[in-house]
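Scroll down for the structure; my scribbles are underneath it.
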Amino acid sequence: MLSPPEVMRAILLAAILGMALLAAFYLRRREMALSEYLFWGLVIILLPMLGPFLVILARPGKPGKF
């Protein structure tokens with residue numbers, strides 16, 4: 001059986017990955033140059049807890065076509 005610290009680490013890792021995935025899907029809907037995609041993608045990855053929030057709040061690029 002898993003101990004409580006291992007469970008908490010697994011939940012934290014799942015939350016971090018989930019937020020990064022949501023931010024990446026948000027970026028996919030925006031129209032930007034490749035360099036901008038790379039910059040904002042690095043922000044998501046290098047700032048694991050804060051990066052996804054920064055990307056969504058900054059609203060980079062223009063809204064994409066649906």
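A distance of 7.0 Å separates OG of S3 from CZ of R9, quoted to the nearest 0.5 Å. Atom-to-atom distance recorded for W40:CH2 and I45:CD1 is 14.0 Å, nearest 0.5 angstrom. Rounded to the nearest 0.5 Å, atoms CG (L57) and CG (L50) are 9.0 Å apart. Of the inter-residue distances, the one linking Y37 atom OH with L42 atom CG reads 15.0 Å to the nearest 0.5 angstrom. Rounded to the nearest 0.5 Å, atoms CE (M19) and CD1 (I56) are 9.5 Å apart.
Within the 4.5 Å cutoff, the side chain of R30 has heavy atoms near those of the P63 side chain. Counting only heavy atoms from C-beta outward, the side chains of L22 and P52 never approach each other to under 4.5 Å. In this structure, M32 and L27 have side chains that are in contact, with non-hydrogen atoms separated by less than 4.5 Å.
At a threshold of 4.5 Å between side-chain heavy atoms, the hydrophobic network of Ile, Leu, Val, Met, Phe, Trp and Tyr places F53 and I16 in one connected group. Taken together through direct or relayed side-chain contacts under 4.5 Å among Ile, Leu, Val, Met, Phe, Trp and Tyr, F39 and L47 form part of one hydrophobic cluster.
The shortest heavy-atom contact between A23 and I44 is CB-CD1, 3.6 Å.
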